[in-house]
Amino acid sequence: MKIPFQNSYVHLGKEFYVKTLPTPVARPELIHFNTAFATALGLDVSTFDPAKATAIFSGNTLPKGAEPLAMAYAGSQFGGFNPQLGDGRAVLLGEIITPNGIRYDLQLKGAGATAFSRNGDGRSALGPVIREYLISEAMAQLGVPTTRALAMVTTGEEVARMQLVAGGILTRLSTSLVRVGTFQYFAARGDEVSIKRLADYVIQRNYPEVQSADNPYYALLVAVINRQAALIAKWMQLGFIHGVMNTDNSSIAGETIDYGPCAFMDTFNEDQVYSSIDHAHRYAYNNQAAIGQWNLIRFAETLLPLLAKGDDQYAAQQAVNLAQDALTAYNTQYHQYWLTGMRAKLGLVLEKAQDQDLIEALLKTMMENKVDFTLSFYYLSQLTKKPSTADQSMRLLFNDAKAFDRWVTQWRTRLSAETLSDTDRQKKMNAVNPVYIPRNHQVEAAIRAAEDHNDFSVFEQLNEVLKTPFVLQQGKDHYRLPPKPEEIVHQTFCGT
Ligand code: AMP
Ligand code: MG
């Protein structure tokens, strides 16, 4: 299986990266290979050779055409700026262009120390590799822009975390690994030449449509803001909490990137946090849209020198005005994406003024009644215009059944304005309200089996179910239902 690399990042200049080879590992084993995604990438899977694949995806053999490097970037972490982070445990092997012309970065995460490792070992434990594989691939199937996972290996080496644990390497792909932090890296150094080069690169690669705009850099800012607004609205509609939305984990291409302590909520709670280190709830569920904007302000700041022509005060003011306009529009865009998505979740095709109140009333009563987020919307998708026995499943989720009755009556009144039949509406709702999400306790079970018993079957079964998250699968209720009290995962960890 040949990987036809075509590398462009390496030509940006040596300010952008440090050439770095993956560090070989002792006894790599290929745990999982994503054949479907490999095929979509245009790789010839019929010539797949497990031994060669193991060597490549562990970093032990360098595939032909790869030009490995660690990318430089900075980042605002929990609000505090760090001028130099960079790929401390990831090596970009090169880029692949799919048959549809999409360029992907291919990176080994956990491939050994780099110039940016600081005090870290450059390695990854197997647990976080499994987590990222399961959740990023589930996100892709749920229709959320995300980095993808191609392969997973164990290294045959242990890494020291809270205790010694098995090491792993994830092969992940992204339509661009450039982050807000990459721009900040050059801004912090006053390197406007590199900022322009980076912006031109991003435009050419990820936003070719802005090339012809009067002011392409302003158009880029607007487009990046738009994709980020769309992304975060999707997270909100699925109950996803990223957990570490630092600017270095904020993708310029608008993908979900750097799956650390992320999690899908079970019980709905607006203020939900899972990350063990997010004490101030900076990255809580309901803060994500605002934090997204905070990150985008950091991005806009780095673009200021490009936004208006000239060195005088007038140009500087004009740049600030343009940035402010774009950033203000974020709120409207985000709200529109959120509202459109929520209407779809409620089965509303027409746009009525009272819809927002109806949606907010549902979320409020869901929170008061501590209901399961995913299951509520799944059961809602099965309801009919007239009350029926189907009501019972959703009703039973609510501590106060009367609260459900009150809301569902309002919903039915609103539905009477709609023209779709029950069947047609249910079909639409079932296409946006998943049956299965990677529930924390299931992800945890897959990790425990792998780490404690070298058993990857739990991972395989869960991964299989998550390939079709909108389709009810026979005998898979286990994956559909919320955790039992003793199974609830209360905290998640970066695992770095
Ligand atoms: P993350 O939490 O994955 O977003 O990582 C934040 C920063 O820490 C990035 O610059 C990473 O490359 C770096 N980092 C995380 N874990 C390690 C590790 N085990 N060794 C070296 N650097 C790391
Ligand atoms: Mg990161």
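Counting starts at 1 for both ligands and their atoms, following the listed order.
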Taking the six-membered ring for Trp, are [X] and [Y] closer than 6.0 Å centroid to centroid?
{"X": "His32", "Y": "Tyr133", "result": "yes"}
{"X": "Phe78", "Y": "Tyr283", "result": "yes"}
{"X": "Tyr436", "Y": "Tyr479", "result": "no"}

Could you tell me whether [X] and ligand 1 have an N or O pair separated by under 3.5 Å?
{"X": "Phe116", "result": "no"}
{"X": "Arg123", "result": "yes"}
{"X": "Gln77", "result": "no"}

Within 45° of the six-membered ring axis of Tyr201 and under 6.0 Å from that ring's centre, is NZ or CZ of Arg197 located there?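 So Arg197 doesn't make the cation-pi contact.
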Nearest protein heavy-atom contact for [atom]: which residue, which atom, what distance?
{"atom": "atom 19 (N) of ligand 1", "answer": "Asp121 OD1, 3.0 Å"}
{"atom": "atom 2 (O) of ligand 1", "answer": "Thr496 CG2, 4.0 Å"}
{"atom": "atom 12 (O) of ligand 1", "answer": "Gly88 N, 2.6 Å"}

Any Lys/Arg nitrogen of Arg448 or Glu444 sitting under 4.0 Å from an Asp/Glu carboxylate oxygen of the other? yes
State plainly whether the residues Asp121 and Arg161 are in salt-bridge range, i.e. N to O under 4.0 Å. yes
Nearest-0.5 Å distance, CE of residue Met152 to CZ of residue Phe459: 4.0 Å
Euclidean distance, Thr146 OG1 relative to Ile135 CD1, rounded to 0.5 Å: 10.0 Å
Test item: side-chain donor near acceptor, Tyr337 and Asn226, under 3.5 Å: yes
Is there a heavy atom in Val244 that sits closer than 4.0 Å to ligand 1?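 No, Val244 has no heavy atoms under 4.0 Å from ligand 1.
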Determine whether any heavy atom of Gly260 lies closer than 4.0 Å to an atom of ligand 1.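 Contact check Gly260 vs ligand 1: negative.
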Quick check: are there more than 12 heavy atoms from other residues, nucleotides or ligands sitting under 6.0 Å from CD of Glu15?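 Yes, enclosed.
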With a cut-off of 4.0 Å, which atoms of ligand 1 are near a heavy atom of [X]?
{"X": "Asp258", "value": "4 (O)"}
{"X": "Asn249", "value": "4 (O)"}
{"X": "Gly122", "value": "18 (C), 19 (N), 20 (N), 21 (C)"}
{"X": "Gly120", "value": "20 (N), 21 (C)"}

Determine whether the side chain, the backbone, both or neither of Arg161 has a heavy atom under 4.0 Å from any heavy atom of ligand 1. side chain
Minimum side-chain heavy-atom gap Lys109-Tyr259 below 4.5 Å: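 In short, these two side chains do not touch, never coming nearer than 4.5 Å.
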Pairwise side-chain contact, Pro261 with Phe493, heavy-atom cut-off 4.5 Å (strictly under):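 In short, these two side chains do not touch, never coming nearer than 4.5 Å.
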When you measure from atom 3 (O) of ligand 1 to each heavy atom in Met71, Arg179, Arg89, Arg118, which option holds the nearest one? Arg89
Please compare Ser124, Ala70, Gly86 and report which has the shortest non-hydrogen distance to atom 10 (O) of ligand 1. Gly86
Nearby protein N/O/S atoms (those under 2.8 Å) for the Mg ion (ligand 2), with water ignored: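 Metal shell, protein only: Asn249 OD1, Asp258 OD2.
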Checking Thr54 side chain against Pro28 main chain: does a donor-acceptor pair fall under 3.5 Å?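 No; judged by distance alone, with no hydrogens or angles, the pair does not exist.
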